[in-house]
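Heads up: the structure comes next, in structure tokens.
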Amino acid sequence: MTGSLQGKAVVVTGAGQGLGAAYAVLAAAEGAAVVVNDVDEARAAGVAERIRAAGGRALAVSGTVATWEGAGAIVGACVEAFGAVDGLVNNAGIFRLAHPAEQDPDDFRRVVEVNLLGTAYCGLHAIRAMLAQGGGSIVNVTSGAHAGSAAMGAYGASKGGVASLTYCWAADLAGTGVRVNAVSPNAHTRMAEAFEAYLGTAAQGQNLHKPPEQNAPAVIYLLSDAAAGLHGQIVRIDGDELSMIAHPTVLGEGTHDPSWSVGGVAAAFEAGVVGPLMPVGLHRSRHEADLGG
């Protein structure tokens with residue numbers, strides 16, 4: 001261990017198991033005092049006890065991120081217990097799979113409340129505290145599902161919102177000492193198992209043999225001062241591969257007409273001067289593909 005978070009206080013939401021627990025445990029091992037949050041009080045307490053048993057500092061805080069008051073209590077507990085909030089990992093999230101024709105609207109709303117609003121609420125509380133103390137690092141958790149994935153309309157939309165939130169906050173906070181980045185992790189967790197059970201062979205076992213712990217070093221790096229130059233970025237971890245996810249980008253030079261008509265738009269597409277058209281789902285950039293990447 002490098003002690004990369006020595007002296008820092010970090011909140012990890014949804015840390016009672018899986019990816020969140022992996023982030024919390026490694027943050028503590030790297031020297032941070034950690035608030036372990038989860039809606040499941042027993043799970044949060046278990047991870048906090050595991051950290052303390054290894055000689056680290058941890059406080060279990062149960063409660064939901066999906067309300068302004070709940071998020072404030074989680075961030076506030078870190079400031080009260082450890083004197084600051086130097087890092088926040090917005091990991092808490094839920095997962096509901098459905099075809100659009102069968103989507104339960106209450107399920108859709110709940111996914112957005114936890115995944116997007118929970119990230120926003122915790123982040124807003126943390127940003128205010130971090131600005132007052134002169135700096136900090138927020139790591140949001142997004143997903144490649146926001147690029148398009150079957151049965152993931154609610155989840156993908158919420159994670160797309162998290163990506164956009166990351167870009168916007170990065171623009172807002174440039175030069176303040178508060179950094180905002182995101183990660184897109186891949187691991188074989190309960191969510192992955194639910195996805196595989198729902199889609200069967202179509203799921204392709206994409207997260208098999210990828211333990212949550214494999215994702216934690218990148219998160220801890222983003223929390224640390226070593227990542228001072230990274231702001232507004234999305235880092236992807238997929239097994240043994242570390243890569244970046246591109247921001248939304250305008251493709252090519254486009255084509256121009258001072259008075260577009262429906263026919264003119266149709267002709268532009270037929271001529272192939274608009275685009276290229278993009279496939280649905282997370283994919284390698286065309287530039288890399290052209291280079292054989």
Side-chain angles (χ1 to χ4, degrees), residues 93 95-113 115-117 119-120 140-172 174 180-186 191-192 195-196 198-207 231-238 241 243-293:
F95 195 61
R96 299 289 186 271
L97 292 160
H99 186 277
E102 301 168 348
Q103 177 75 64
D104 183 294
D106 290 333
D107 278 351
F108 200 112
R109 175 184 51 78
R110 184 60 179 158
V111 169
V112 172
E113 285 176 345
N115 297 3
L116 179 53
L117 294 182
T119 293
N140 295 328
V141 179
T142 184
S143 167
H146 85 270
S149 187
M152 288 196 185
Y155 184 77
S158 71
K159 292 300 185 178
V162 168
S164 294
L165 194 61
T166 301
Y167 307 145
C168 291
W169 281 351
D172 289 328
V180 185
N181 293 287
V183 292
S184 178
N186 286 278
M191 284 190 181
F195 183 64
E196 291 159 8
Y198 183 90
L199 289 183
T201 55
Q204 299 178 339
Q206 63 181 24
N207 287 327
H231 188 51
Q233 304 302 306
I234 297 182
V235 176
R236 180 173 181 260
I237 313 102
D238 187 18
E241 179 186 318
S243 58
M244 299 290 288
I245 291 181
H247 292 195
T249 303
V250 177
L251 296 171
E253 297 301 321
T255 186
H256 303 271
D257 187 321
S259 54
W260 283 108
S261 64
V262 175
V265 171
F269 274 98
E270 288 168 4
V273 294
V274 182
L277 301 183
M278 303 303 294
V280 173
L282 197 64
H283 61 280
R284 296 284 176 185
S285 71
R286 290 177 181 270
H287 178 65
E288 276 193 13
D290 291 342
L291 293 175

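Residue numbers count from 1 along this sequence.
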Residues Arg109 and Asp106 bridged, charged N to O under 4.0 Å: yes
Closest non-hydrogen atom pair between Gly232 and Ala170, with its separation: CA-CB, 3.4 Å
Shortest non-hydrogen contact from Gln103 toward Ala98: OE1-CB, 3.7 Å
Side chain to side chain, Arg96 and Met152, heavy atoms closer than 4.5 Å: no
salt_bridge(Arg284, Glu241) N-O dist < 4.0 Å: yes
Residue of the set Val141, Asp238, Thr142, Val235 for which side-chain contact (heavy atoms from CB on, under 4.5 Å) holds with Pro185: Val141
Where Ala147 and Leu282 come nearest, the two heavy atoms and their spacing: CB-N, 3.6 Å
Donor-acceptor under 3.5 Å (Ser143 side chain, Ala145 main chain): yes
Arg236 side chain near Asn186 side chain, heavy-atom distance below 4.5 Å: yes
Donor-acceptor pair, side chain of His99 and main chain of Ala150, under 3.5 angstrom: no
Trp260 and Thr255, any side-chain heavy atoms less than 4.5 Å apart: yes
Nearest-0.5 Å distance, CD of residue Gln233 to OH of residue Tyr167: 8.5 Å
Distance, nearest 0.5 Å, that separates NE2 of His146 from CG of Asn115: 13.5 Å
Thr166 versus Asn140, side-chain donor and acceptor atoms under 3.5 Å: yes
Exercise: identify the closest heavy-atom pair between Ser184 and Ile245: CB-CD1, 3.7 Å
Test item: Ile234 and Asn181 side chains (from C-beta on) under 4.5 Å apart, heavy atoms: no
Nearest-0.5 Å distance that lies between atom OG in Ser158 and atom CG in Leu116: 7.0 Å
Aromatic ring pairing Phe95/Tyr155, orientation class (parallel under 30°, perpendicular over 60°, tilted between): perpendicular
